[in-house]
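Letters A, B, ... are given to chains in the order of the sequence lines, protein chains preceding strands, and every chain is numbered from 1.
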There are 2 protein chains.
Amino acid sequence: MFSKACKYAINSMIFLATLPEGEERIGLKDIATAINSPEAFTAKILQALVRENLLESIKGPNGGFQISEVGKKVTLHRVVQVIDGDSVFTGCALGLQECTEKRPCAAHHKFKAIRDHLTGMMMTTTLEDMANGIRQGVSYLKY
Amino acid sequence: MFSKACKYAINSMIFLATLPEGEERIGLKDIATAINSPEAFTAKILQALVRENLLESIKGPNGGFQISEVGKKVTLHRVVQVIDGDSVFTGCALGLQECTEKRPCAAHHKFKAIRDHLTGMMMTTTLEDMANGIRQGVSYLKY
DNA sequence: ATATAAAAGGATATTTTTGTCTTTTATTAT
DNA sequence: ATAATAAAAGACAAAAATATCCTTTTATAT
Ligand code: FES
Ligand code: FES
């Protein structure tokens with residue numbers, strides 16, 4: 001469904017969104033530990049999120065990453081889009097070059113309903129929603 | 001969503017399901033042409049489908065592949081399962097080792113609805129359904 | 001100023017997925 | 001029997017995704 005890179009991105013963003021006001025900044029190592037991801041690879045992904053302004057990064061001692069104002073309001077859809085593009089939201093399930101009503105694949109009608117369901121959910125689910133579940137201990141970032 | 005191998009598998013199965021009674025057998029080359037897939041790679045996938053009895057293969061002159069009795073009745077779910085396994089139907093969206101109610105990821109509840117929607121659709125959609133659309137010219141195997 | 005800390009950037013490595021090529025085996029037709 | 005055809009099997013290759021390592025840049029604290 002989503003690439004590993006994308007899962008690491010989502011989990012990182014959720015984790016950063018759980019951090020309390022005033023203690024929002026945290027280092028790469030702690031992020032990677034919190035979400036159980038490979039550190040250096042996670043760094044690359046965080047860089048991409050910084051480039052897209054979902055995160056801010058600060059170098060040097062006491063540096064680290066923190067969620068940006070933009071990032072705080074963002075949906076899962078946006079995070080996926082930044083890392084995986086939106087092929088999962090618009091691409092053909094059976095591999096046709098484009099998914100259109102004009103020239104649909106065999107599964108188009110049935111599949112479109114699911115894709116739209118997914119897209120709708122992702123566009124209406126915010127990091128805050130996800131972070132709340134983690135904070136309240138009803139959901140988890142790692143096993 | 002699905003691997004390329006899986007898409008080739010589905011499209012191959014659909015194509016074979018469109019062939020009329022008595023002219024069911026067809027060679028690899030024609031299959032690869034019909035679905036616009038790389039021939040040798042497609043061969044590997046068809047072999048897997050033969051091993052799982054969704055297809056039958058006949059060597060030698062006038063040989064080729066044809067859909068089996070089992071294959072005729074099979075759903076999309078089964079084809080995906082044979083090639084990609086069922087991680088797409090049961091795996092955690094955010095990469096947790098297992099998807100359970102006991103220890104759900106942040107997206108579990110919302111994601112489970114979509115996954116169940118997908119699974120339901122795939123378990124109730126048969127190759128015959130897909131093949132009918134192709135036969136009637138309302139859907140297509142390639143661009 | 002200097003040493004230290006931490007992210008950025010870039011090169012490299014590994015693994016997985018996708019794809020090709022060659023040889024072998026089975027079947028058919030002559 | 002022999003030649004031709006087509007899939008099976010296995011080795012190999014290329015591309016993409018994942019992951020690591022090393023150097024550079026920027027900021028902080030002493
Ligand atoms: S054309 Fe295949 S999903 Fe729309
Ligand atoms: S635990 Fe992540 S989807 Fe169920």
Proximity to DNA chain D (any heavy atom under 4.0 Å), residues of residues 24-32 of chain B only: G27(B), L28(B)
Near DNA chain D, counting only heavy atoms under 4.0 Å, which residues of residues 58-68 of chain A show up? K59(A), G60(A), P61(A), N62(A)
Among all residues two or more places apart in sequence or in another chain, which pass the side chain to side chain donor-acceptor pair (under 3.5 Å) test with [X]?
X	result
N132(B)	R135(B)
Q81(A)	R78(A), D86(A)
Q66(A)	R25(A)
K44(B)	none

List, with names and distances, any nitrogen or oxygen atoms from the protein found under 3.5 Å away from nitrogen or oxygen atoms belonging to nucleotides 12-14 of chain C.
none

Would you say [Y] ends up clustered with [X] if hydrophobic residues are merged whenever their side chains have heavy atoms under 4.5 Å apart, either directly or through other cluster members?
X	Y	value
M13(A)	V70(A)	yes
V50(B)	I58(B)	no
L96(B)	V80(A)	no
M123(B)	I83(B)	no

Can you measure [X] atom [atom1] to [N] atom [atom2] for me and round it to whole angstrom units?
X	N	atom1	atom2	result
K7(B)	dG19(C)	NZ	C1'	16 Å
L55(A)	dA7(C)	CG	C1'	12 Å
E56(A)	dA6(C)	CD	P	19 Å
M1(B)	dT17(C)	CE	C1'	19 Å

Determine whether M1(A) and V88(A) satisfy the following criterion, side chain to side chain contact (heavy atoms under 4.5 Å, CB included), listing intermediate values before the conclusion. CA-CA 7 Å; M1(A) 181 79 78; V88(A) 70; 4.2 Å; yes
Would L127(B) and L76(B) count as a side chain to side chain contact (heavy atoms under 4.5 Å, CB included) here? Give the steps. CA-CA 7 Å; L127(B) 289 181; L76(B) 292 184; 4.1 Å; yes
Do [X] and [Y] touch side chain to side chain, with heavy atoms closer than 4.5 Å?
X	Y	answer
I67(A)	L19(A)	no
L46(B)	Y8(B)	no
K110(A)	I114(A)	no

Return the minimal non-hydrogen interatomic distance between [X] and [Y], and the atom names on each side.
X	Y	result
D129(A)	T124(A)	OD2-O, 3.8 Å
S12(A)	I35(A)	OG-CD1, 3.3 Å
G91(B)	C99(B)	C-CB, 4.1 Å
C92(B)	C105(B)	SG-SG, 3.6 Å

Strand contacts (DNA chain C) in residues 80-99 of chain A, 4.0 angstrom heavy-atom criterion: none
Nucleotide N/O to protein N/O under 3.5 Å, stretch nucleotides 13-16 of chain D:
none

Among side-chain atoms of S3(B) and D84(B), is any donor-acceptor pair under 3.5 angstrom? yes
Could you verify whether a donor N or O on one side chain and an acceptor N or O on the other, from T42(B) and S37(B), lie under 3.5 Å apart? yes
Give each protein N/O atom lying under 3.5 Å from an N/O atom of nucleotides 17-20 of chain D, with the pair distance.
from    : atom 1 : to    : atom 2 : distance (Å)
dT18(D) : OP1    : K4(A) : N      : 3.1
dA19(D) : OP1    : K4(A) : NZ     : 3.4
dA19(D) : OP2    : Y8(A) : OH     : 3.0

Does a side-chain N or O from S57(A) land closer than 4.0 Å to OP1 or OP2 of dA6(C), or not? no
Pairwise ring-ring contact (aromatic ring centres under 6.0 Å, His included) hits with a residue in residues 88-132 of chain B, at least two apart: H117(A)-H117(B), H77(B)-F89(B)
How far does the helix from dA1(C)-dT30(D) to dT30(C)-dA1(D) bend, going by the axes of its first and last five pairs, to the nearest 10°? 0°
